[in-house]
Amino acid sequence: MDTKDKTTKDPISRRDFLKIVGISAATTTATLAAGCSGGSATRGSSAQGEVPTDAMTYRVNPKSGERVSLLGYGCMRWPTLPAPGGDGNVIDQDAVNSLIDYALAHGVNYFDTSPVYVQGWSEKSTGMALKRHPRDKYLIATKLSNFSNFTRENSIAMYRQSFKDLQVDYIDYYLLHSIGNGGIKTFRARYIDNGMIDYLLEERAAGRIRNLGFSFHGTQAVFDEVLAMHEKVHWDFVQIQLNYLDWRHASGNNVPAEYLYGELEKRDIPAIIMEPLLGGRLSKVPDHVAARLKERSPESSVASWAFRFAGSPEKVLTVLSGMTYMEHLQDNLRTYSPLVPLSDDERQFLFDTADLMMQYPTIPCNDCKYCMPCPYGIDIPAILLHYNKCVNEGNVPRDGEDPAYRKARRAFLVGYDRSVPRLRQASHCIGCEQCNPHCPQSIDIPKQLHRIDAFVEKLKQETL
Amino acid sequence: MLRKIRIVVAAIFFVCITLLFLDFTGTLHAWLGWMAKIQFLPALLALHVGIVVGLVLLTLLFGRVYCSVICPLGVMQDVVSWISGRRRKHRNRFRYSRALTWLRYTMLVVFVALMFAGFGTLLAPYSAYGRIVSSLLAPVWQGVNNLLAAVAERLDSYAFYTVDVWVKSLSTLIVAVVTFVVIAFLAWRHGRTWCNTVCPVGTVLGFLSRYSLFRPVIDATKCVDCKRCAHNCKASCIDIANHRIDYSRCVACMDCLEMCHKDAIHYTRRRAATPAPSAAKRAPVANSSRRKFLGVAGLLAWSGLHAQEKKVDGGLAVIVDKKIPQRATPLVPPGAGSLRHFLAHCTACQLCVSVCPNEVLRPSGNLERLMKPEMSYERGYCRPECTKCSEVCPTGAIRLTDLTEKASTQIGHAVWTRENCVVVRDGVQCSNCKRHCPTGAIMMVPLDPGKADSLRIPTVNEELCIGCGACENLCPARPFSALHVEGHERHRLI
């Protein structure tokens, strides 16, 4: 469910042409540089070599005995088109097809989607791409995302629609989506009081759902209560947020991953990992944190540390990553083909890194876009990501006396207008708080937006 | 030599003044702002006695150097005329013509009358040039800037930032196009006809330059009547038959000095004054039309349609463009003093419109205030840290001493419209106007005073409101904001 690119832009502001020019220029330069180096001791190709097709690490589902690739494909961040296609689909289907073909060819067999992802188009696009391959070559996970209407009729309609959109007659992994958001009351309203849990258990018995589980964001009380249902429901798996930051430093209402994983391990329930990279926050890290990781292993990507951390625990069935770009897919494939589990020393090294990162006042936004669309047009994730980027790059000056104040001010303000169109900036947030219940990271969004807006005002008026 | 000096100095003035209108960052004004302030008509309107006296003295000493060097519209005509003269068979295209003095003075009277009627700016040379640059050249300049900004973004550089290119007023655009076409046509065919027939500044300075101390003089003893000078005089003012020059039309360009291969023309002290009448052409009348704003393309959002009800993730809500509300009294910037003072001093040169970084100022389409700037807040608001318009104004129509003065000058006050407010309309809590009000003029009061947890609506304390438009611009209601600012005829300090 992650991407390493946190600067995903609104399609209107994209400058695809220049991007292509830029990329081709960069490629040319790289080729020339490689051509010149020539000596026998140097390598012309990438240091990592080819991406292996037969070395993926697999974990075994104890119930069905099937092999699940350690790298799972999160279908929440598919590449989008600058303008929607004829049928209204916003997803770049050609790009999805080639990403999925490549992933399957290199051993990935788990695909995780939901009816609400990518403005509601993810299931359809994922289904179209997978339909081109034999059904026994991949496992499909989707969710009951009945956030806005809890009725049984609406929930069943949503469940049935998933089969149509994915073009399948059984679903390998079916999840109650984002339990914990809104507390135990909402959980009961969404699944217990309307009888949906019994309905889904019947569906599992009938074989249309092969594994039933839930994905979790929220407080410990809800987690404990839902896990206590294990005796009766028998959860086949549970999807949790786990990474080296959340292991101990979970933000907002979230529960430390150490506890979540520990509880699952006790009950022998396989864990599926989401947010291993925190929407890119663990790949776009502050400069000196990146330097620290690179010093330890110069040829590994920053992201690979996060994936090794998430994949190392034995009860982890698969680690989801929302890979928008082929390069991210390739990097993650390398990390898990095969997985080199973390040593105790390396684990401690990452925990120390997490402590270091906690000193940076970033906002724990993972760019999941659950808060969107804001009815008043604000581009919430773009604003928060721009702020985080500036925090990491040292462009959030403390006061006007800061030696880098002028440079930081310009970078913050010019970058702000580039990342977010003026009409979608924080100054237009009215504080209606309609976004807050949707945030899985329990960020008080209007509060943060107003704080950023006040900071921008100070920069503009030079009263910092 | 004199000609070369004239060309170099004129080029410097011309380029710098043009840049003043193009530079949207406002950095050049600190260095070059004086070039706008020494323009004749703006200085006269600003009652800058020193500058006006200086220009009068300059003309009395050296003739109409002002027209050849300082006036950007004059230099623009020279450029056009020079290009025209580069064509084959057009090298010696000018002929002496008799001055039509009566027409010049009639035009001057007409101009003064127009000034009182509020239309004088149509003919004022510096303002006409300003409109041509800000309407026709600035969009190109900004386009190139935006291209560079796009490149800079790819390179992760913050050297350039993107600016909006928009049509601020259709009528002003049309006036600028017509002015440019007419003047360029006249310059292409007849050199300085505009300056010596229509231009009021040219007429006034021409009257003075008849008595100038230094002037080009023909030495009849050396002259062989070849007419090379007359054929290359863009002012058509050299009468070889009588070996005389009409100094009211001569712009002291010094071209004739270099043309003469017998060394028969010298720039020297006067010996005898022989004024002559001048020829003329009809002045073009610029037309106007109702204001029409082209809205920027609306931003779109998309959402998938499915059988079941669901809130999907991502996407952007549509943002409707704001529309300009009806304002009983037009809004003019703080520092204008009053609407009357502002309209009496402004020459509609568009310099403030060019530099306004918040897209607040735009030329008016109203006939009484044609092309003079007015404010509106649907694209931005008058931000507290900015005094750009006052810094650049050459006529003193906008004059602020500092930011504190601006922060306490009331130019209007906000008015709340119940039907538009999202608190009433959508039933959501909103206090964006209050949050952004720089003077604390907005208070939130219960919508339903009987209920303890009632939603709150904004109210405006008219005594504290300065009319900056933060509330109007940032109001979520679209296309018409729930708060809009009404202008005041006379500004006051609060």
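- Of the possible polar contacts, none joining the B:N432 side chain to the A:G431 backbone as a donor-acceptor pair under 3.5 Å is found.
- The minimum heavy-atom distance linking A:P375 with B:A317 is given by the pair O-CB, 4.0 Å.
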**Request:** In sequence, state the C-alpha distance, the side-chain angles, and the governing distance for A:L423 and B:R478, and then conclude on side chain to side chain contact (heavy atoms under 4.5 Å, CB included).
**Result:** CA-CA 12 Å; A:L423 287 177; B:R478 288 167 178 275; 3.2 Å; yes
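- If you measure heavy-atom distances from A:H438 to chain B, the contacts under 4.5 Å come from the side chain alone.
- Between the CZ atom in B:F160 and the CZ atom in A:R418 there is a gap of 10.0 Å [rounded to 0.5 Å].
- Heavy atoms of A:C432 lying under 4.5 Å from chain B belong to its backbone as well as its side chain.
- The main-chain N or O of B:R379 is never found under 3.5 Å from a side-chain atom of A:R422 such that the two would form a donor-acceptor pair.
- Across all non-hydrogen atoms, the minimal contact from A:Q461 to B:P384 is NE2-CG, 3.2 Å.
- Minimum heavy-atom separation, A:P115 to B:V312: O-CG1, 4.4 Å.
- Interface remark: A:D453 contributes side-chain atoms only to the contact with chain B (heavy atom separation under 4.5 Å).
- Taking each heavy atom of B:I319 and A:G377 in turn, the nearest pair found is CD1-O, 3.9 Å.
- In this structure, the side chains of A:Q119 and B:D313 stay at 4.5 Å or more apart for every pair of heavy atoms.
- Put simply, of A:A411, A:S155, A:S122, the one with the most heavy-atom pairs under 4.5 Å next to chain B is A:A411.
- A donor-acceptor pair under 3.5 Å links the side-chain atoms of A:R410 to the main chain of B:A159, judged by distance alone.
- When each of A:K407, A:E433, A:E457 is checked for heavy-atom pairs under 4.5 Å with chain B, A:E457 comes out on top.
- Annotation: side chain of B:D426 is not in contact with side chain of A:Q434 (no heavy-atom distance under 4.5 Å).
- Within 6.0 Å of the NZ atom in A:K460, the count of heavy atoms belonging to other residues, nucleotides or ligands exceeds 12.
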